[in-house]
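The structure appears below as structure tokens.
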Amino acid sequence: MNRRIFMLLAALTLLSATAQAQRRGWKPRENVPLDSIVLSDPFVLADEATHTYYMTGTGGRLWKSKDLATWSGPYDVVEVDSTSWMGPRPAIWAAEIHKVGTRYYYFATFTNHSVKIDTVMGNVIERRACHVLVSDRAEGPYRPIEGGDATYLPADRPTLDATLWTEPDGTPYMVYCHEWLQNRNGTVECIRLKPDLRGTEGDARILFRAFDSPWSRDDAVHGERRPNMVTDGPWVFRTKTGRLGMLWTSWVGKTYTQGVAYSKSGKLEGPWVQEPHPITPPNYGHGMMFRTFDGRLLMSIHSHAVNSRGQYIRHPKFFTLDDKGDKLKVGTVYKPR
């Protein structure tokens with residue numbers, strides 16, 4: 001597609017997104033306390049260029065803050081190609097923003113509810129996959145990458161919760177989950193990205209499976225506790241000693257729980273060894289790590305509580321972290337002021 005046609009389509013998409021926002025009557029708010037925000041899978045980008053914190057997650061909208069305590073938003077920042085596999089109104093999960101060079105890349109899970117790709121054990125599986133958008137500004141708007149791949153991952157597999165990891169040699173990877181609804185034993189996988197992030201190269205590699213975890217367990221069936229099938233929210237990090245680790249989330253019965261694994265080789269290819277116990281308190285999960293402008297290392301994560309009507313309510317929370325040793329240590333809840 002040449003640039004002129006691409007820009008015309010982008011402009012039409014922007015008009016469509018603006019019209020949808022007006023129809024919804026959505027209006028961003030100012031000075032919203034962190035504890036008042038309801039958000040799953042909260043991702044925080046500390047953008048040095050604007051000295052602003054940007055928070056996004058499931059839902060695909062954006063919040064902005066100068067101090068982590070009060071926020072403005074949410075803002076609609078995603079403009080998809082309505083003629084693509086995503087359709088005109090995809091559901092957006094687990095969005096992340098990564099700055100690479102001078103541009104900002106939006107890794108997210110998109111679901112087209114009108115397309116069915118499989119049926120497993122009576123469950124109809126919708127078209128769901130990880131994809132990457134781009135912007136020249138942290139606050140968006142985020143649009144399809146010009147000249148980028150139409151798909152990053154196979155169309156017949158539901159994939160989710162993509163994140164970006166770059167190996168020491170500069171090779172970028174997408175790390176994501178193959179959903180347990182299809183394979184019945186969720187996996188965390190990786191696939192090499194093109195150097196300009198416009199698509200993927202080669203075959204995917206399974207890093208580990210849900211059943212590899214010693215701590216995640218399903219509800220008891222006939223008195224027997226089974227391994228849980230869910231893999232969720234991978235986040236790759238390296239401690240100051242150089243040890244490579246990965247946060248990821250599953251369940252212990254009905255309790256949403258986050259664990260950690262470490263790579264024996266120090267490389268993304270692993271092998272990955274699971275820690276025996278969860279790394280965070282119960283009912284917290286889908287964490288990521290960021291550093292504040294004053295150098296403090298924090299984990300952004302959501303709480304997972306049930307209200308009086310039996311509905312799950314998720315709020316973003318921040319925990320202090322210590323990465324000085326070979327193992328990441330989670331401290332207390334950080335309350336910005």
Side-chain angles (χ1 to χ4, degrees), residues 94 96 98 107 130 153 157 159-180 183-193 195 200-218 225-252 256-281 284-291 297-301 319-331:
E96 299 187 359
H98 297 270
F107 284 62
C130 306
L153 296 168
R157 302 172 68 211
T159 54
L160 67 161
D161 296 355
T163 189
L164 172 66
W165 175 254
T166 303
E167 288 283 75
D169 65 1
T171 304
Y173 286 86
M174 176 185 283
V175 181
Y176 61 94
C177 299
H178 178 190
E179 195 169 25
W180 66 275
N183 61 21
R184 312 304 295 175
N185 183 5
T187 57
V188 173
E189 305 182 2
C190 71
I191 190 168
R192 189 170 67 250
L193 288 162
T200 55
E201 299 178 323
D203 297 324
R205 180 189 184 102
I206 295 175
L207 302 180
F208 59 84
R209 304 176 188 273
F211 289 3
D212 295 340
S213 166
W215 55 264
S216 62
R217 289 291 179 267
D218 209 341
R225 293 295 292 272
R226 304 172 299 174
N228 196 280
M229 295 182 282
V230 175
T231 50
D232 183 81
W235 175 262
V236 187
F237 64 92
R238 198 177 293 277
T239 69
K240 287 186 176 179
T241 62
R243 195 176 189 195
L244 191 67
M246 187 189 304
L247 300 171
W248 68 286
T249 301
S250 189
W251 295 79
V252 178
Y256 196 61
T257 306
Q258 182 174 251
V260 64
Y262 291 97
S263 170
K264 290 186 68 174
S265 68
K267 298 180 180 180
L268 189 60
E269 64 188 29
W272 289 86
V273 179
Q274 304 293 328
E275 288 290 281
H277 304 291
I279 194 171
T280 45
Y284 287 95
H286 204 114
M288 57 81 59
M289 297 159 59
F290 71 99
R291 203 169 287 277
L297 184 63
L298 297 180
M299 175 188 292
S300 178
I301 197 169
F319 278 84
T320 60
L321 294 174
D322 181 352
D323 66 343
K324 297 184 182 67
D326 277 343
K327 292 186 178 182
L328 186 70
K329 295 181 180 179
V330 178

*asked:* Donor-acceptor pair, distance only, cut-off 3.5 Å: does the side chain of S250 make one with the backbone of V230?
replied: yes

*Could you grab the distance from atom CD of E189 to atom NE2 of H178, nearest 0.5 Å is fine?*
6.5 Å

*Closest approach of G202 to R192 (non-hydrogen atoms, all atoms of both residues)*: N-NH2, 4.3 Å

*Given side-chain contact (heavy atoms from CB on, under 4.5 Å), test L244 with W165 step by step and report yes or no.*
CA-CA 11 Å; L244 191 67; W165 175 254; 3.3 Å; yes

_Atom pair CD1/CD of I301 and Q258 - distance to nearest 0.5 Å_ = 4.0 Å

*Any idea which heavy atoms bring H286 and T249 closest together, and the distance?*
N-OG1, 2.8 Å

*Sort out for me which residue in L160, D161, I191, T163 forms a side chain to side chain contact (heavy atoms under 4.5 Å, CB included) with Y176.*
I191

*How long is the gap from CZ on R217 to CZ on R226, to the nearest 0.5 Å?*
11.5 Å

_Nearest heavy-atom neighbours spanning T257 and W215_ = O-CH2, 3.5 Å

*Kindly determine whether L298 and L321 satisfy side-chain contact (heavy atoms from CB on, under 4.5 Å), including the steps that lead there.*
CA-CA 6 Å; L298 297 180; L321 294 174; 5.8 Å; no

*asked:* Would T171 and L268 count as a side-chain contact (heavy atoms from CB on, under 4.5 Å) here? Give the steps.
replied: CA-CA 11 Å; T171 304; L268 189 60; over 6 Å; no

*Report yes or no: do Y262 and D326 form a side-chain donor-acceptor pair below 3.5 Å?*
no

*Any donor and acceptor pair, going by atom type alone, linking the side chain of N185 with main-chain N or O of R209 inside 3.5 Å?*
no

*Mind listing the closest non-hydrogen atom pair of N228 and W251 along with its distance?*
ND2-CB, 3.4 Å

*What distance separates F237 CZ from L297 CG, expressed to the nearest 0.5 Å?*
9.5 Å

*Check against side-chain contact (heavy atoms from CB on, under 4.5 Å), W180 and T231*: CA-CA 7 Å; W180 66 275; T231 50; 5.9 Å; no

*Between H98 and W235, how do the two ring planes meet: parallel, tilted or perpendicular, split at 30° and 60°?*
parallel

*asked:* Using every non-hydrogen atom in the two residues, find where G270 and S265 come nearest and quote the distance to one decimal.
replied: O-OG, 2.6 Å

_Any donor-acceptor pair under 3.5 Å from R225 side chain to D218 backbone_ = yes

*Euclidean distance, L207 CG relative to C190 SG, rounded to 0.5 Å*: 4.5 Å

*asked:* If we ignore hydrogens and angles and just use 3.5 Å, is the side chain of T239 paired with the main-chain N or O of G325 as donor and acceptor?
replied: yes

*Please report the shortest heavy-atom distance between P195 and E201, naming the atom on each side.*
CD-OE2, 4.2 Å

*asked:* Side chains of L328 and V260, heavy atoms from C-beta outward: is any pair under 4.5 Å?
replied: no

_Polar contact flag, side-chain donor to acceptor under 3.5 angstrom, W272-Q274_ = no

*Between W248 and S213, is any pair of side-chain heavy atoms under 4.5 Å apart?*
yes

_Interatomic distance, Y173 atom OH to E269 atom CD [nearest 0.5 angstrom]_ = 7.5 Å

